[in-house]
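Counting convention: from 1, in listed order, for ligands and their atoms alike. Counting begins at 1 with the first residue of the sequence. Only this structure's heavy atoms are used, side chains among them; waters, hydrogens and symmetry mates stay out.
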Amino acid sequence: MRLLIADKLHPRAVEELSALPIEVIYEPDLTKESLEERIAGVGVLVVRSTPVTAAALEKAKTLHLIVRAGAEYQTIDVRAASRRGIYVANCPGKNAAAVAELVMGLLIAVDRRVVDAVTSLRNGQWRRGEYSKAEGLLGKTIGIAGMGAVGREVAHRAKAFGLTVAGFSRSLTPMKAAELGVVHAHSLEDLASKSHILTLHLPITERTRHIVGKRVFAALPPRAIFINAARADLVDQAAMREAVVTRGLRVGLDVYPDEPRDKLEYASDLFGPQTPGAEASGTWSPSDSEGFIYGTPHIAAATDQSQLAVATETVRVIRSFLLEGHVPNVVNVTTTSIANFQVVIRMQDKIGTFANVLSVLKRHGINVEEVTNSVFEGGGASCAKLRVVSRPSEMCLQEIRAFDEVLHVDVVTLPNLA
Ligand SMILES: NC(=O)C1=CN([C@@H]2O[C@H](COP(=O)(O)OP(=O)(O)OC[C@H]3O[C@@H](n4cnc5c(N)ncnc54)[C@H](O)[C@@H]3O)[C@@H](O)[C@H]2O)C=CC1
Ligand SMILES: O=C(O)CCC(=O)C(=O)O
């Protein structure tokens, strides 16, 4: 089988994958288009940001598994993969600490205007008075939207800075919030109204797209700090820029709506003055009462520690798939079965017995949803458990029992498997 790594992956992982019984092809510069040309004949695919499209999957006749070496997997057409029975797995939480570290970095950088202070020093200036007006973090409240892997790492670090932590998240109940030591918010606006700093750690879904708009920015106090190291499309960009102008919002970003994929240039007016008509110049820096936007080029997850943790998890997923037939972290296998009954069949472990049982079920119009089969020591007998939607009729069961090789047949109503 062939394994294609279509993005940069930590060299230690590439080395470990090369020790597995699989041919490893490392092509970190593949793009959406060139992947379509290279995917034929591949059994396992590893990607970070290279998109995996339905068109590519059309050509992926031998593909079994796609591993996204990262947290989210919206760059993969998961529906198209599911239609073709291809597993998609990710590496949840493995880069969370790195993202949280950058969030804290952006937070302090914004509060202390570190970037402008450095730029000013680089220009031979000593503007100590101007850069001595930070508000400080101690005693403020940070609102964390999305209390998953990254959100919790941010909470942990924020507490060490003496910040009060408030949280809003889909499954965060007041009781769970109390357990985590965070103030519970029942909505994003409620969270914003409780916070001096708002940081986003939500995934992008149909529900969360543009979830942060005018009302959320209006609920934040003037001169609030807003951090987005999750996804740009969570935010109404125009509303964010307006809040910079009208409410002195101070922003730290790691993600952008128009991130360049294969270029080194990024022409953007985001980092200059936001006031309409104001001229940007190389030496422009915001006044101490003005809102502004700082940014990093989508590097939150890009620490050596994080890349190694993600790569190690990628190897674990692939090794488990190859050696045990099990896919950890799979995201596209249904977890809610429509089966209502389990047919338990003990039988002699002989060629054709199982096929005979299946042909009887087929004749009686019964579709099998899930199957497990255990072989007993010595290899003489096996026990198959077939999950089905409708209860097989007595006649159907009698036909199965009639096979000489079938030792016992039982039907159990799910979920009572006793
Ligand atoms: N800048 C970067 O390099 C990185 C960015 N990210 C981004 O950060 C996001 C968060 O990452 P993780 O914490 O690892 O994900 P996660 O899945 O562990 O946490 C997401 C949290 O959001 C909550 N949530 C989901 N939908 C919601 C909704 N509609 N309303 C309220 N809460 C909702 C979930 O319950 C969960 O607690 C990722 O989805 C990804 O977009 C992640 C890693 C690196
Ligand atoms: O550095 C990367 O691979 C991107 C990380 C990221 O945004 C994610 O894991 O969702």
- Message: Does ligand 2 come near enough to R48 that some N or O of the ligand is less than 3.5 Å from an N or O of the residue?
- Response: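 So ligand 2 has an N or O lying under 3.5 Å from an N or O of R48.
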- Is A302 in polar range of ligand 2, meaning some N or O pair under 3.5 Å apart?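 So ligand 2 has no N or O lying under 3.5 Å from an N or O of A302.
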Is it the side chain (CB and beyond), the backbone, both or neither of [X] that lies under 4.0 Å from ligand 2, heavy atoms counted?
X: Q74; result: neither
X: V310; result: neither
X: A71; result: both

Is there a donor-acceptor pair under 3.5 Å between the side chain of [X] and the backbone N or O of [Y]?
X: D7; Y: R48; answer: yes
X: Y26; Y: L9; answer: yes
X: T62; Y: V42; answer: yes

- Just do the side-chain hydrogen bond (donor to acceptor under 3.5 Å, both in side chains) check on Y131 and D288 with the steps written out, would you? CA-CA 8 Å; Y131 295 114; D288 56 30; over 6 Å; no
Give one line per pair: atom of ligand 1, protein atom, distance. Only N/O to N/O under 3.5 Å.
| residue | atom | partner | partner atom | Å |
| --- | --- | --- | --- | --- |
| ligand 1 | 1 (N) | A229 | O | 3.0 |
| ligand 1 | 1 (N) | D254 | OD2 | 3.1 |
| ligand 1 | 3 (O) | H298 | NE2 | 3.3 |
| ligand 1 | 3 (O) | A301 | N | 3.4 |
| ligand 1 | 13 (O) | A149 | N | 3.3 |
| ligand 1 | 13 (O) | V150 | N | 2.8 |
| ligand 1 | 18 (O) | A149 | N | 2.9 |
| ligand 1 | 32 (N) | R170 | N | 2.9 |
| ligand 1 | 37 (O) | G148 | N | 3.2 |
| ligand 1 | 37 (O) | S169 | OG | 3.1 |
| ligand 1 | 39 (O) | E72 | OE2 | 3.0 |
| ligand 1 | 41 (O) | E72 | OE1 | 3.3 |

Which of the atoms of ligand 2 are close to [X], meaning less than 4.0 Å from one of its heavy atoms?
X: G70; value: 9 (O)
X: R231; value: 6 (C), 7 (O), 8 (C), 10 (O)
X: E72; value: 10 (O)

- Query: Relative to each other, are the rings of F226 and F217 parallel, tilted or perpendicular (30° and 60° limits)?
  - Reply: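 Judged by the thresholds at 30° and 60°, the geometry between F226 and F217 is perpendicular.
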- Task: Give a yes or no on whether a salt bridge exists between R250 and E135, defined as a side-chain N under 4.0 angstrom from a carboxylate O.
- Result: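 A salt bridge links R250 with E135.
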- Query: Salt-bridged, E189 to R215, with N to O below 4.0 Å?
  - Reply: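 R215 and E189: salt-bridged.
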- Query: Quick one: side-chain hydrogen bond (donor to acceptor under 3.5 Å, both in side chains) partners of E130, sequence neighbours excluded?
  - Reply: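 Here the qualifying residues are R127.
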- Step-by-step ring-ring contact (aromatic ring centres under 6.0 Å, His included) determination, F292 to F271: CA-CA 7 Å; F292 58 90; F271 310 106; over 10 Å; no
- Query: Nearest heavy-atom pair of V182 and G167: which atoms, and what distance?
  - Reply: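 So the minimum-distance heavy-atom pair works out to CG2-N, 4.3 Å.
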